[in-house]
Amino acid sequence: MTAGAGRYAPTPSGDLHIGNLRTALLAWLFARRTGRAFRLRIDDLDPDRSRDPAGQLADLAALGLTHDGPIVRQSARTSSYAKVLDGLIEGGLVYECFCTRREIAEAPTAPHHPPGAYPGTCRSLTRSEIEAKHASGRTPALRLRAEVSALTIEDELHGAFAGGVDDMVLRRADGVHAYNLAVVIDDHDIGVDQVVRGDDLLASTPRQAYLYDVLGHPRPSYVHVPLVLNAQGQRLAKRDGPVTMRDLGLPAHLVLAMLGASLGLCADDEQVDVEVLLDRFDPNAIPQEPWVFG
Ligand SMILES: [Zn+2]
């Protein structure tokens, strides 16, 4: 086993649906195929969206997706995020942003920036302007003073991918550390050097890669895998009907065979376990098209 690790990191917002489970299986296959450990992390930073992850963990275990080391919970790691953030503040790389969501949405953005990119409104506020904002009762978010506006990353399935980097939020106005900051610190701290996840996250990856660069950490290898879509061609969601293991009412081995079949690794009624799928798994041969479910 090499020193590196892959991971799966669900947000505990209820049962995993078949698309989440397929991504988890792919993350496990990629990690095990390359001799890596496999870590599980619960991305429960946002208290409003977090539920008990027991059901999610039970489903992953039922599929046979073994993991190494303790399960990490982001909610228990805020002191690590605060420490890294302090270092960035000391380095002059952080500024206060008083903008509301609406102000950002209405501000003009630079042409090469993705929709929703921060236009830099508060980047050069004077000391008296900052004091006036504080005096008006606004609580600031903290943003990274980015020195690039775009970055190219390498993805194992997509090749070179160029995307925008803006002055991303590091800590929200409500004091919660930003997802982009937390995942980079977490993955570095627990030795994750392979990130396999849905390709809806590809656009945000240059931001995270830039944070690795700023923190002086080597970037992980990235694998953005095709999503599972509903019959209308939209990203699968729980409102699409029976899409969780519980709602489907199928035993785990049939769900696994269904996932394996969608990856071309078995027939959908074949008796397989994850080790069989691993034996047959070729990272270069996974379907590039989304899988339509339902
Ligand atoms: Zn601002």
Side-chain angles (χ1 to χ4, degrees), residues 1-10 16-40 59-68 152-163 187 192-206 208-209 219-231 233-236 243 245 248 250-294:
M1 186 151 297
T2 67
R7 50 85 154 171
Y8 184 63
L16 297 169
H17 63 57
I18 199 85
N20 306 134
L21 294 170
R22 188 176 189 252
T23 301
L25 172 62
L26 278 166
W28 186 90
L29 289 168
F30 270 97
R32 296 301 190 208
R33 191 73 190 154
T34 52
R36 285 177 165 90
F38 187 66
R39 302 296 307 266
L40 280 184
D59 286 354
L60 296 173
L63 291 178
L65 303 182
T66 51
H67 67 92
D68 304 293
T152 300
I153 59 122
E154 282 298 322
D155 181 276
E156 288 188 28
L157 298 180
H158 295 261
F161 173 81
D187 282 337
V192 167
D193 65 349
Q194 179 189 59
V195 173
V196 177
R197 57 189 180 186
D199 61 15
D200 55 326
L201 293 171
L202 183 60
S204 67
T205 300
Q208 289 176 20
R219 298 178 194 171
S221 65
Y222 288 108
V223 188
H224 287 87
V225 299
L227 287 180
V228 178
L229 305 180
N230 66 18
Q234 299 150 332
R235 192 173 111 166
L236 192 72
V243 292
M245 209 132 95
L248 286 165
L250 296 174
H253 76 272
L254 286 181
V255 173
L256 184 67
M258 195 158 64
L259 296 173
S262 81
L263 295 169
L265 299 175
C266 63
D268 59 13
D269 58 354
E270 196 176 340
Q271 187 78 34
V272 288
D273 59 26
V274 284
E275 296 298 334
V276 171
L277 299 183
L278 180 59
D279 275 344
R280 299 175 184 175
F281 179 62
D282 175 359
N284 299 311
I286 76 162
Q288 301 286 311
E289 297 300 311
W291 180 42
V292 178
F293 184 80

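- Taking the side chain to side chain contact (heavy atoms under 4.5 Å, CB included) definition, one finds that Phe38 meets it with Tyr8, Ala27, Trp28, Ala31, Arg32, Leu40, His67, Asp68, sequence neighbours left out.
- Here CD1 of Ile18 is found 8.0 Å from CG of Leu250. Values are rounded to the nearest 0.5 Å.
- Side-chain N or O atoms of Asp279 include none that pairs as donor or acceptor with a backbone N or O of Val276 at under 3.5 Å.
- For Ala61, the side chain to side chain contact (heavy atoms under 4.5 Å, CB included) criterion is met by no residue, not counting sequence neighbours.
- For Glu270, the side-chain hydrogen bond (donor to acceptor under 3.5 Å, both in side chains) test picks out Arg280, with sequence neighbours left out.
- Not a single side-chain hydrogen bond (donor to acceptor under 3.5 Å, both in side chains) links Thr152 to another residue, sequence neighbours left out.
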Practice task
Check the pair Leu263, Leu25 against side-chain contact (heavy atoms from CB on, under 4.5 Å), reporting the backbone distance first and the verdict last.
Solution key: CA-CA 10 Å; Leu263 295 169; Leu25 172 62; 4.0 Å; yes
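- When every heavy atom of Gly64 is checked against every heavy atom of Val274, the shortest pair comes out as O-CG2, 3.4 Å.
- Residue-environment remark: CZ (Arg33) exceeds the threshold of 12 foreign heavy atoms within 6.0 Å.
- From Asp199, atom CG reaches atom CG of Leu157 across 9.0 Å, with rounding to the nearest 0.5 Å.
- Considering all non-hydrogen atoms of both residues, Val195 and Arg7 come closest at CG1-NH2, 3.8 Å.
- Residues Ala252 and Ala62 approach most closely at CB-O, 3.4 Å, considering heavy atoms.
- Partners of Asp282 by salt bridge (charged side-chain N to carboxylate O under 4.0 Å, His left out), not counting sequence neighbours: none found.
- Between Phe30 and Pro283 the shortest heavy-atom distance is CE2-CB, 3.5 Å.
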Counting only pairs under 3.5 Å, give me each side-chain donor-acceptor contact of residues 285-294, with atom names and distances, residues two or more places apart or in other chains.
from	atom 1	to	atom 2	distance (Å)
Gln288	NE2	Ile286	O	3.4

Exercise for the section: Decide yes or no on side-chain contact (heavy atoms from CB on, under 4.5 Å) for His253 and Asp273, but give the supporting numbers first. Expected result: CA-CA 7 Å; His253 76 272; Asp273 59 26; over 6 Å; no
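- Put simply, OG1 on Thr34 and CG on Asp193 are 8.0 Å apart, with the number rounded to the nearest 0.5 Å.
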Less than 3.5 Å apart, which donor and acceptor atoms pair up between the side chains of residues 222-230 and the rest of the protein, not counting sequence neighbours?
from	atom 1	to	atom 2	distance (Å)
His224	ND1	Asp155	OD2	2.7
His224	NE2	Arg197	NE	3.1
His224	NE2	Thr205	OG1	3.0
Asn230	OD1	Gln232	N	2.9
Asn230	OD1	Gly233	N	3.1
Asn230	OD1	Gln234	N	2.9
Asn230	ND2	Gln234	OE1	3.1
Asn230	ND2	Asp240	OD1	3.2
Asn230	ND2	Asp240	OD2	3.4

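- In this structure, Pro206 and Ile153 approach most closely via the heavy-atom pair CA-CG2, 4.0 Å.
- In this structure, CZ in Arg219 is found 9.5 Å from CD in Glu154, a value given to the nearest 0.5 Å.
- Taken from CG in Leu16 to CG in Leu60, the straight-line distance is 5.5 Å, to the nearest 0.5 Å.
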Show every donor-acceptor pair shorter than 3.5 Å between a side-chain atom in residues 254-262 and any protein atom, with sequence neighbours excluded, or say none if there are none.
from	atom 1	to	atom 2	distance (Å)
Ser262	OG	Arg22	NE	2.7
Ser262	OG	Leu259	O	2.7

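- Not one N or O on the side chain of Arg39 forms a donor-acceptor pair closer than 3.5 Å with the backbone of Ala5.
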